[in-house]
Amino acid sequence: MGVVVKNTGSWYQVRQENGEIVDCKVKGNFRMQDIRSTNPVAVGDWVQIERSSDGVAFISRIKERKNYIIRRSPNLSRQIHILAANIDLAVLTITVNYPPTSTVFVDRFLCASEAYHIPVLLVINKTDVYNSSDTEYMNELMYLYETVGYPCVAVSAATGDGINDLRDRLRGKVSLFSGNSGVGKSTLINALIPGINLKTSQISSYHNKGMHTTTFSEMIALPSGGYVIDTPGIKGFGAIDMSRNEIGHYFKEIFEVSSGCRYYNCTHLHEPDCAVLTAVAARRISESRYKSYTSILGDMDDGKYR
Ligand SMILES: Nc1nc2c(ncn2[C@@H]2O[C@H](COP(=O)(O)OP(=O)(O)O)[C@@H](O)[C@H]2O)c(=O)[nH]1
Ligand SMILES: [Mg+2]
Ligand SMILES: [Zn+2]
């Protein structure tokens with residue numbers, strides 16, 4: 001068995017157990033778990049390869065996935081693209097400033113990762129350029145998310161601060177790197193793997209999103225053990241099928257408190273005897289998390305999720 005580390009069009013790079021990388025094609029018509037996807041095999045898939053008589057290597061079998069994340073094509077609504085499979089950890093890199101990251105963006109990501117059952121590590125990068133109020137806000141965010149149950153690590157890819165701590169947390173895992181453009185994902189991977197030299201984007205204005213400099217997802221082996229997956233141009237997870245009632249399940253602290261609501265199908269917006277509203281009023285649930293929750297519900301009403 002080998003693991004798919006890169007996919008460029010119809011070719012797949014498979015890393016064998018002995019470390020050898022083999023270029024492969026896909027054999028015949030693959031149907032995996034009834035998924036209608038544009039790619040039958042994804043980065044992170046464990047596969048069996050065979051060689052044909054003329055020496056071409058083919059992927060002949062895919063091991064059942066423990067999870068996978070998708071991007072839905074906006075126009076062909078039934079078609080999906082599998083971004084990556086078998087992820088142990090989703091690493092969401094954010095910056096408090098340069099550029100600022102909204103908590104709604106973070107909470108949407110956390111909500112989707114709960115739905116996918118993928119643990120998240122929050123990495124706050126660029127600590128080297130933060131002034132005292134940026135740092136104060138960063139500490140508040142770290143306190144909030146640690147309390148909710150998401151580990152956080154503050155780093156500077158530029159100075160190397162916190163990188164050893166981050167490296168320890170990635171050891172032996174397949175980690176998917178996500179986050180807005182310009183937050184320093186590629187720079188972080190370069191800091192973790194000296195000599196890899198991923199292209200980074202110089203962004204002229206932090207008010208603009210950085211340019212996407214890489215185009216294919218790639219799984220990169222960490223010298224300390226494990227892999228990182230860089231999904232260029234992908235800020236987070238694709239939309240996932242969630243019903244209105246499920247959203248509250250994917251906010252850990254809302255879910256925990258919601259057993260105290262009077263109605264089993266409480267939306268926590270306006271119902272009487274809502275334990276969530278009580279907890280928000282008492283500041284046991286953070287206002288920013290609650291706002292993100294209502295904002296996702298609002299998106300559903302606008303048809304952004306199906
Ligand atoms: N000051 C500072 N700049 C950083 C840091 N990490 C990345 N950058 C810069 O931020 C910009 C975007 O980085 P890049 O790695 O391309 O971001 P990506 O789009 O998330 O992959 C580049 O100009 C980097 O040099 C950091 O820790 N501190
Ligand atoms: Mg990048
Ligand atoms: Zn409620």
Side-chain angles (χ1 to χ4, degrees), residues 83 90-101 105-106 109 122-131 134-135 138 153-166 175-193 196-220 228-236 244-249 251 253-282 284-285 289-290 293-294 297:
L83 294 169
V91 176
L92 180 62
T93 302
I94 63 170
T95 43
V96 162
N97 210 342
Y98 318 108
T101 310
F105 173 77
V106 175
F109 184 91
L122 278 177
V123 173
I124 301 113
N125 187 32
K126 307 202 186 183
T127 53
D128 59 297
V129 282
Y130 293 164
N131 65 23
D134 293 332
T135 304
M138 175 181 82
V153 51
V155 303
S156 164
T159 66
D161 246 30
I163 296 297
N164 283 337
D165 186 9
L166 176 60
S175 305
L176 178 84
F177 272 54
S178 303
N180 281 323
S181 273
V183 296
K185 297 178 294 298
S186 300
T187 312
L188 273 174
I189 294 172
N190 285 337
L192 287 164
I193 311 172
I196 172 113
N197 262 317
L198 283 193
K199 262 190 250 161
T200 59
S201 52
Q202 217 60 48
I203 44 178
S204 50
S205 158
Y206 285 114
H207 299 291
N208 297 323
K209 299 274 152 96
M211 292 185 304
H212 307 313
T213 41
T214 21
T215 40
F216 290 103
S217 352
E218 192 171 357
M219 193 157 152
I220 308 156
V228 295
I229 302 177
D230 193 17
T231 50
I234 308 299
K235 292 197 268 185
R244 238 171 164 271
N245 265 316
E246 272 177 293
I247 305 297
H249 299 190
F251 280 72
E253 72 281 46
I254 290 180
F255 182 61
E256 205 172 297
V257 164
S258 65
S259 58
C261 296
R262 186 201 292 188
Y263 301 108
Y264 80 97
N265 59 351
C266 186
T267 61
H268 322 306
L269 295 175
H270 46 66
E271 290 86 345
D273 294 331
C274 169
V276 173
L277 286 171
T278 305
V280 174
R284 278 181 282 114
I285 286 178
R289 289 275 292 168
Y290 180 71
Y293 166 74
T294 60
L297 278 187

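Note that ligands are numbered from 1 as they come in the structure, with each ligand's atoms numbered from 1 the same way. Predicted, not measured: the structure shown is a model, and the values here were computed from it.
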(request) Report the part of T187 in contact with ligand 1, treating N, CA, C, O as backbone and CB onward as side chain, heavy atoms under 4.0 Å; options are side chain, backbone, both, neither. (result) both
(request) For D128, take its heavy atoms, then give the atoms of ligand 1 lying under 4.0 Å from any of them. (result) 1 (N), 2 (C), 26 (C), 27 (O), 28 (N)
(message) I want to know if ligand 1 touches G184 in the polar sense, i.e. an N/O pair below 3.5 angstrom.
(response) yes
(message) So if I count the atoms of ligand 1 from 1 in the order they appear, which ones are less than 4.0 Å from some heavy atom of A157?
(response) 6 (N), 27 (O)
(message) Please classify the L188 to ligand 1 contact at 4.0 Å (heavy-atom distances, strictly less than): side chain, backbone, both or neither.
(response) neither
(request) Tell me, please, if S186 has any N/O/S atom, main chain or side chain, under 2.8 Å from the Mg ion (ligand 2)? (result) yes
(request) Pick one of side chain, backbone, both or neither for how V183 approaches ligand 1, counting any non-hydrogen atom pair under 4.0 Å. (result) both
(request) Taking all heavy atoms of A157 and all of A191, pick out the closest pair and write down the distance. (result) O-CB, 4.1 Å
(request) Write down the atom of A158, the atom of D128, and the distance for their closest heavy-atom approach. (result) CB-OD2, 3.9 Å
(request) Return the set of protein N, O or S atoms whose distance to the Zn ion (ligand 3) is under 2.8 Å, each given as residue and atom. (result) C261 SG, C266 SG, H268 ND1, C274 SG
(message) Using every non-hydrogen atom in the two residues, find where Y98 and K126 come nearest and quote the distance to one decimal.
(response) O-NZ, 2.9 Å
(request) Taking salt bridge (charged side-chain N to carboxylate O under 4.0 Å, His left out) as the test, write out the residues that go with D161, two or more places apart. (result) none
(message) Restricting to non-hydrogen atoms, name the atom on S181 and the atom on P99 that form the minimum distance, rounded to 0.1 Å.
(response) O-CG, 4.2 Å
(message) Are I285 and I254 packed together at the side-chain level, in the sense that at least one heavy-atom pair is separated by less than 4.5 angstrom?
(response) yes
(message) Just to verify, which of V123, N125, I124, N180 counts as forming a side chain to side chain contact (heavy atoms under 4.5 Å, CB included) with T95?
(response) N125
(request) Just jot down the ligand 1 atoms closer than 4.0 angstrom to any heavy atom of S156, in number order. (result) 27 (O)
(request) Quickly, which of F251, Y290, Y293 forms a side chain to side chain contact (heavy atoms under 4.5 Å, CB included) with V276? Name it, please. (result) Y290
(request) Please tell me if the side chains of L269 and T294 come closer than 4.5 Å, counting only heavy atoms from C-beta onward. (result) yes
(message) As an exercise, identify every atom of ligand 1 less than 4.0 angstrom from a heavy atom of G182.
(response) 10 (O), 12 (C), 17 (O), 18 (P), 19 (O), 20 (O)
(request) List every atom of ligand 1 that sits less than 4.0 Å from any heavy atom of K185, numbering the atoms from 1 in the order shown and giving each element. (result) 15 (O), 17 (O), 18 (P), 19 (O), 20 (O), 21 (O)
(message) Within the 4.0 Å heavy-atom shell around S181, which atoms of ligand 1 are there?
(response) 19 (O)
(message) Tell me whether the count of non-hydrogen atoms from other residues, nucleotides or ligands lying under 6.0 Å of CD in E256 goes above 12.
(response) no
(message) Taking side chain to side chain contact (heavy atoms under 4.5 Å, CB included) as the criterion, tell me which of L188, V183, T187 meets it with K185.
(response) V183
